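Worksheet: one structure, shown below.
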Protein chains: 2
Amino acid sequence: MGKQVNYAQGHNTGDFELAREIHFRLGDRWTAEVAAALGDRCMRFKELYRSVDGISQRMLVVTLRHLERDGLMTRRIYPTVPPRVDYERSALGRSLKEAIGPIARWAATNRQKIEESRRYFDMNVRKAGASPNTRQC
Amino acid sequence: MGKQVNYAQGHNTGDFELAREIHFRLGDRWTAEVAAALGDRCMRFKELYRSVDGISQRMLVVTLRHLERDGLMTRRIYPTVPPRVDYERSALGRSLKEAIGPIARWAATNRQKIEESRRYFDMNVRKAGASPNTRQC
DNA sequence: CAGAATCCTAAGTGATACTG
DNA sequence: CAGTATCACTTAGGATTCTG
């Protein structure tokens with residue numbers, strides 16, 4: 001990925017940008033699913049590993065570290081042998097879950113439309129560049 | 001990146017997963033910013049190019065294609081010379097903007113907390129594994 | 001059990017040059 | 001003007017092996 005980030009000036013400000021700016025990484029492959037799997041109770045590593053279907057051990061660790069670093073969940077180690085580690089959603093993590101609601105519902109309700117749009121797009125590959133509309137906007 | 005996607009069964013279902021499932025790519029580097037730049041009026045390519053600070057021409061094209069493919073905006077070509085192309089947010093795109101609101105506000109209000117959490121985490125690098133808490137949850 | 005370390009591939013991205 | 005075509009680079013992520 002690139003290196004310069006370049007967040008600056010005030011033009012083109014909008015809700016989209018605000019959400020992006022923070023860099024909370026619901027965008028990556030696993031954060032959202034791990035956070036979802038975590039649920040409202042506290043869970044151990046293996047438990048999460050089994051809950052998130054298809055994730056590799058490595059990516060579970062990486063994702064959990066991100067969530068911890070951002071303060072979205074807590075990690076408690078018990079110095080026993082074999083070791084035990086508990087993961088639990090923090091207050092901040094719970095508030096995020098609330099905020100996620102609308103966009104999640106949006107995704108659920110519009111999923112079909114989007115998939116249809118994609119199918120149409122992929123079929124017609126925009127061979128004629130849509131309808132040659134003369135009316136400018 | 002990996003190849004198998006493996007969305008399946010019903011466990012660990014939650015709002016997070018729903019949002020992810022759809023694969024609308026607010027997660028990638030530019031989608032959100034381009035969508036924000038697009039605003040509520042209709043814009044030409046060059047206009048968008050100037051509006052989104054730091055984006056390359058290539059990535060603007062790629063991002064716009066994604067948005068078009070998902071049906072989040074429309075693209076109108078005028079067969080003139082030099083060519084003219086207008087981009088405009090679709091109804092679906094507008095509804096997404098609505099849905100984004102809460103999470104955007106969440107990001108804005110909790111940004112400080114997250115950054116602080118990151119600083120703390122990066123300093124202490126979890127050298128002692130947090131407090132050795134004996135109480136299990 | 002809960003990871004850390006290593007290696008590898010592929011996708012995302014940027015830079016640059018070219019074109020209808 | 002609005003792209004397309006290449007190429008090079010960086011990083012996310014998977015597979016595998018090792019360890020306290």
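Proteins come first, then strands; the chains are lettered A, B, ... in the order of their sequence lines, and each starts at number 1. Predicted model, so just to flag it, every value in this text is computed and none were measured.
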OP1 or OP2 of D:dG14 versus the side-chain N and O atoms of A:R29: is any pair under 4.0 Å?
no
Send over the distance from A:L60 CG to D:dG14 C1', rounded to a whole Å.
14 Å
In whole angstrom, give the distance that lies between atom CZ of B:R65 and atom P of C:dT13.
16 Å
Distance below 4.0 Å between B:K46 side-chain N/O and D:dC1 OP1 or OP2:
yes
Please determine whether a side-chain nitrogen of the Lys or Arg among B:R69 and A:D122 lies less than 4.0 Å from a carboxylate oxygen of the Asp or Glu.
yes
Measure from CG on A:D28 to P on C:dG12 and round the result to the nearest Å.
13 Å
Is the base of D:dG13 touched by the side chain of A:R58 through a donor-acceptor pair closer than 3.5 angstrom?
yes
OP1 or OP2 of C:dG3 sitting under 4.0 Å from any side-chain N/O of A:Y87?
yes
Residue pair A:W106 / A:T109: nearest heavy atoms and the distance that separates them
O-OG1, 3.1 Å
Separation of D:dC1 atom P from B:Y78 atom OH, nearest Å, is 17 Å
Can you tell me the distance, in whole Å, between the CZ atom of A:R84 and the P atom of C:dG3?
13 Å
Between the side chain of B:S90 and the main-chain N/O of B:T74, is any donor-acceptor distance below 3.5 Å?
no
Of the options C:dG14, D:dC1, D:dA2, whose atoms approach the side-chain atoms of B:W30 most closely?
C:dG14
Rounding to an integer number of Å, can you tell me how far A:F45 CZ sits from C:dA2 C1'?
6 Å
Would you give me the side-chain donor-acceptor pairs under 3.5 Å for residues 37-44 of chain B, sequence neighbours excluded?
| from | atom 1 | to | atom 2 | distance (Å) |
| --- | --- | --- | --- | --- |
| B:D40 | OD1 | B:R89 | NH2 | 3.3 |
| B:R41 | NH1 | B:E47 | OE2 | 3.0 |
| B:R41 | NH2 | B:E47 | OE2 | 3.0 |

Please determine if a side-chain N or O atom of A:R75 lies less than 4.0 Å away from the OP1 or OP2 oxygen of C:dG3.
yes
Nearest-nucleotide comparison on DNA chain D, the residue closer to the 5′ end among A:M59 and A:P83:
A:M59
Using whole Å, report how far CD1 of A:I55 lies from P of C:dG3.
13 Å
List in chain and number order the residues that pass salt bridge (charged side-chain N to carboxylate O under 4.0 Å, His left out) with A:E88, two or more places apart in sequence or in another chain; answer none if no residue qualifies.
A:R76
OP1, OP2 of D:dA2 versus side-chain N and O of B:R44: anything below 4.0 Å?
yes
Would you kindly give the CD-to-P distance between A:Q57 and C:dA4, to the nearest whole Å?
10 Å
